[in-house]
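In what follows, a structure is listed as C-alpha cells, so that the remarks can point back to it.
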Amino acid sequence: MDIGKMRDRVTLEERVQTKDSMGAQHNAWAPFATVWGQVQPLSGREYFAAGAEQSEITARIRIRYRSGITAAHRAVVNGVVYSIANVIDTDNRHAELQLMCYTGSNDG
C-alpha cells in the first residue's frame with residue numbers, strides 16, 4: 001500500500017434513525033469516520049432512464065484497514081456520494097480496504 005497516494009479525504013457515513021418534532025422516524029446519514037484514501041475511477045457510462053440522461057461511475061476507494069465498514073455505509077469524497085457495493089480486505093491482512101463503489105444512478 002502506497003500511503004503517499006492517499007490524498008483524498010473520505011467521509012464514511014452510516015444510516016441512522018432520527019425523529020422529527022412530531023415524533024415520526026426518518027432515515028438520515030451520519031458521519032461514521034473520516035479517513036485518508038485514494039479514489040480510482042474504474043468506468044463510467046451515460047444512459048437514458050425515465051426520460052432523462054443519467055450517468056453512473058464505478059470507482060475503487062482504497063483506505064487503511066478499519067473494522068466495522070460494510071456495504072451498508074456510504075462514502076463521500078469532495079461532495080460526491082458513493083454507494084458501497086463491496087468491501088474487500090486486501091489479502092486478508094487487515095492493512096488495507098478496497099471499497100468497490102458506484103455513484104450517479106443512486107446517490108447512496
Side-chain angles (χ1 to χ4, degrees):
M1 171 174 36
D2 187 356
I3 299 299
K5 292 183 178 180
M6 295 192 177
R7 298 184 181 126
D8 299 306
R9 210 61 179 141
V10 179
T11 300
L12 299 166
E13 296 180 337
E14 62 185 342
R15 191 178 301 266
V16 295
Q17 292 281 326
T18 61
K19 288 186 180 182
D20 63 16
S21 61
M22 301 295 288
Q25 290 192 351
H26 300 278
N27 288 326
W29 290 98
F32 175 75
T34 300
V35 298
W36 289 103
Q38 178 186 19
V39 178
Q40 300 172 304
L42 299 176
S43 69
R45 70 182 180 120
E46 292 184 358
Y47 59 95
F48 286 93
E53 186 174 348
Q54 306 286 322
S55 65
E56 181 177 80
I57 298 170
T58 58
R60 174 187 304 125
I61 301 176
R62 296 174 56 236
I63 62 172
R64 286 185 179 191
Y65 180 83
R66 184 183 218 42
S67 64
I69 299 173
T70 69
H73 291 91
R74 72 179 188 178
V76 180
V77 181
N78 296 325
V80 178
V81 177
Y82 292 92
S83 298
I84 300 173
N86 206 340
V87 179
I88 301 168
D89 180 0
T90 307
D91 298 328
N92 291 321
R93 298 185 63 184
H94 298 331
E96 174 186 88
L97 289 179
Q98 293 185 40
L99 310 178
M100 305 308 292
C101 303
Y102 60 94
T103 187
S105 63
N106 178 8
D107 290 333

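A quick note: this is a predicted structure, and the numbers were derived from the prediction, not measured.
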To the closest 0.5 Å, what do you measure between [atom1] ([X]) and [atom2] ([Y])?
X: Glu14; Y: Phe32; atom1: CD; atom2: CZ; value: 6.0 Å
X: Leu97; Y: Arg60; atom1: CG; atom2: CZ; value: 13.0 Å
X: Glu96; Y: Arg62; atom1: CD; atom2: CZ; value: 4.0 Å
X: Ile69; Y: Leu12; atom1: CD1; atom2: CG; value: 4.5 Å
X: Tyr102; Y: Ile84; atom1: OH; atom2: CD1; value: 10.0 Å
X: Ile63; Y: Asp8; atom1: CD1; atom2: CG; value: 12.0 Å

Mind listing the closest non-hydrogen atom pair of [X] and [Y] along with its distance?
X: Thr90; Y: Gln98; answer: OG1-NE2, 3.1 Å
X: His73; Y: Gly68; answer: CE1-O, 3.1 Å
X: Ala71; Y: Ala85; answer: CB-O, 4.0 Å

Relative to Trp36, does Arg7 satisfy both conditions: NZ or CZ under 6.0 angstrom from the six-membered ring centre, and within 45 degrees of the ring's axis? no
Does Asn27, at its CG atom, have more than 12 non-hydrogen atoms belonging to other residues, nucleotides or ligands within less than 6.0 Å? yes
Please name all residues satisfying side chain to side chain donor-acceptor pair (under 3.5 Å) with Asn86, sequence neighbours left out, ordered by chain then number. none
For the residue pair [X] and [Y], establish whether any side-chain heavy-atom pair is separated by less than 4.5 Å.
X: Leu42; Y: Met100; answer: yes
X: Arg15; Y: Trp29; answer: yes
X: Tyr82; Y: Val10; answer: no

Tell me, please, which residues at least two apart from Thr18 pass side chain to side chain contact (heavy atoms under 4.5 Å, CB included). Val16, His26, Ala28
Could you check whether any side-chain N or O of Thr11 sits under 3.5 Å from a backbone N or O of Thr34, counting only pairs where one atom can act as donor and the other as acceptor? no
